[in-house]
Amino acid sequence: MRSHEVDYEIFGDDMQFVEVELDPGETVIGEAGTMMFLEDGVTFESVMGDGSEPDAGLWGKLKSAGKRALSGEGLFLTHFTNTGAGGKAKAAFAAGYPGKIIPVDLAKYGGEIIAQRDAFLCAAMGTKLDIAFQRGIGTGVFGGEGFILQRISGDGMAFLHAGGSIQAIQLNGQTVRLDTGCLVAMQPSLQYSIERAGNLKSMFFGGEGLFLATVSGTGWVWLQSLPFSRLASRVLANAVGPQADDSRGLLSGMFERS
């Protein structure tokens, strides 16, 4: 199924959202809970599966939903369709934490990319979402992304979300080493593995974790500067409990307001 040809515009800096413009009859699929706003004429429906195989029966839809559950995603996707008669209409999508939105024209990257499990935000109807397994046990356990990644394929626009700033790197028979949580997506032509982070002293006291990820070969890879897991751990480490907050007392609050 050829993907719908949607237009889009990305707004914002560190907390971005993407606005997708739909012609009458066009559809964009999105993860549940990512919709920001809809213009008149756009209707939505929760569907089991991505809709890339319209002739799939109940078993096919259950199989697709089961794969999403296996990858840690919800069973349903939401389909947003311009059903109005008044011309073009827009639907906007945003992620649940600060970061950047990466627009990917799948046709320009061989029709397929491999992404971390929670990177997918939305895509043009016709985009197929599947799972991709890590090849090695060590990579699955220590690679930071688990054993299961997302395979996104098609010939239209797909939108990913990642934390912090984004760096797209084109490798030509080269190798790049990175923090295991910083990988967002890559072309399937690349090889992903892990290696020890230096000697034992560096592994335990270097602050970079026990392992580094390596991506090698020829193709494009997208990296994020602030994985959500790192952001969450910093917030938890510096969280102030309610008792400590209350211990400042009335006098402290008066000085802060003065």
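Along the sequence shown, residues are numbered consecutively beginning with 1. FYI, side chains are in, hydrogens and waters are out, and symmetry mates aren't considered; it's all heavy atoms of this structure.
- Taking every heavy atom of both residues into account, Phe120 and Ile29 meet most closely at CZ-O, 4.1 Å.
- With a 4.5 Å cut-off on side-chain heavy atoms, Leu183 and Val221 count as touching.
- Closest heavy-atom contact between Gly87 and Asn82: O-ND2, 3.0 Å.
- When the side chains of ILVMFWY residues are joined at heavy-atom separations under 4.5 Å, either directly or via intervening members, Ile166 and Ile101 end up in two distinct hydrophobic clusters.
- Atom CZ of Phe44 is surrounded by 12 or fewer heavy atoms from other residues, nucleotides or ligands within 6.0 Å.
- Using a distance-only test at 3.5 Å, with no hydrogens or angles considered, a donor-acceptor pair links the side chain of Asp155 to the main chain of Ser3.
- Rounded to the nearest 0.5 angstrom, Leu121 CG and Leu160 CG are separated by 8.5 Å.
- Across every non-hydrogen atom of His79 and Thr27, the tightest pair is CB-CG2, 4.0 Å.
- Residues satisfying the salt bridge (charged side-chain N to carboxylate O under 4.0 Å, His left out) criterion with Glu45, sequence neighbours excluded, are absent altogether.
- Partners of Phe93 according to the ring pair (Phe, Tyr, Trp, His ring centres under 6.0 Å) rule, which considers only residues two or more places apart in sequence or in another chain, are Phe80.
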*asked:* With side chain to side chain contact (heavy atoms under 4.5 Å, CB included) as the criterion, how do Val18 and Ile10 come out once you've worked through the C-alpha distance, each side chain's angles and the decisive distance to 0.1 Å?
replied: CA-CA 4 Å; Val18 58; Ile10 295 174; 4.0 Å; yes
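- Under the 3.5 Å distance criterion, the side-chain polar atoms of Glu26 are left unmatched by any main-chain donor or acceptor of Met125.
- Here the closest non-hydrogen pair linking Ser189 and Gly219 is OG-CA, 4.1 Å.
- For the atom pair Tyr8 OH and Glu21 CD, the distance stands at 13.0 Å (nearest 0.5 Å).
- Proximity of a side-chain donor or acceptor of His161 to a complementary backbone N or O of Cys122 within less than 3.5 Å is not detected.
- Cluster membership for Ile169 and Tyr192, using ILVMFWY side-chain heavy atoms within less than 4.5 angstrom, is shared.
- Note: Met157 CE to Leu106 CG = 8.0 Å, rounded to the nearest 0.5 Å.
- At a threshold of 4.5 Å between side-chain heavy atoms, the hydrophobic network of Ile, Leu, Val, Met, Phe, Trp and Tyr places Leu223 and Leu190 in one connected group.
- Put simply, Phe159 and Phe17 are part of two different groups of oily side chains (I, L, V, M, F, W, Y) that touch within less than 4.5 Å, one to the next.
- Atoms OG1 and NE2, on Thr127 and His4 in that order, are 10.0 Å from each other to the nearest 0.5 Å.
- Cys182 is listed as a side-chain neighbour of Pro227, based on a closest heavy-atom distance under 4.5 Å.
- Judged by distance alone, with hydrogens and angles left aside, the side-chain atoms of Glu39 form no donor-acceptor pair with the main-chain N or O of Ala89 at under 3.5 Å.
- Not a single donor-acceptor pair under 3.5 Å links the side chain of Gln224 to the backbone N or O of Val184.
- Ala115 and Ile152 make their closest contact through CB-CD1, 4.1 Å (heavy atoms, listed as atom of the first residue, atom of the second, distance).
- Minimum interatomic distance between Arg151 and Ile131 (heavy atoms only, all atoms of both residues): NE-O, 3.9 Å.
- Distance check: Gln167 CD to Lys100 NZ gives 12.5 Å after rounding to the nearest 0.5 Å.
- For Ser153 (side chain) and Gly111 (main-chain N/O), no donor-acceptor pair under 3.5 Å exists by modelled atom type.
- Using a 4.5 Å heavy-atom cutoff, the side chains of Leu77 and Leu129 are in contact.
- More than 12 heavy atoms of other shown residues, nucleotides or ligands fall within 6.0 angstrom of atom CG in Asn172.
- The environment of Gln174 atom CD is dense: over 12 non-hydrogen atoms of other residues, nucleotides or ligands sit within 6.0 angstrom.
- Counting heavy atoms from C-beta outward, Lys88 and Asp7 have side chains that approach closer than 4.5 Å.
- Using a distance-only test at 3.5 Å, with no hydrogens or angles considered, a donor-acceptor pair links the side chain of Thr83 to the main chain of Gly41.
- Rounding to the nearest 0.5 Å gives a distance of 10.0 Å between CG of Asp14 and CG of Leu226.
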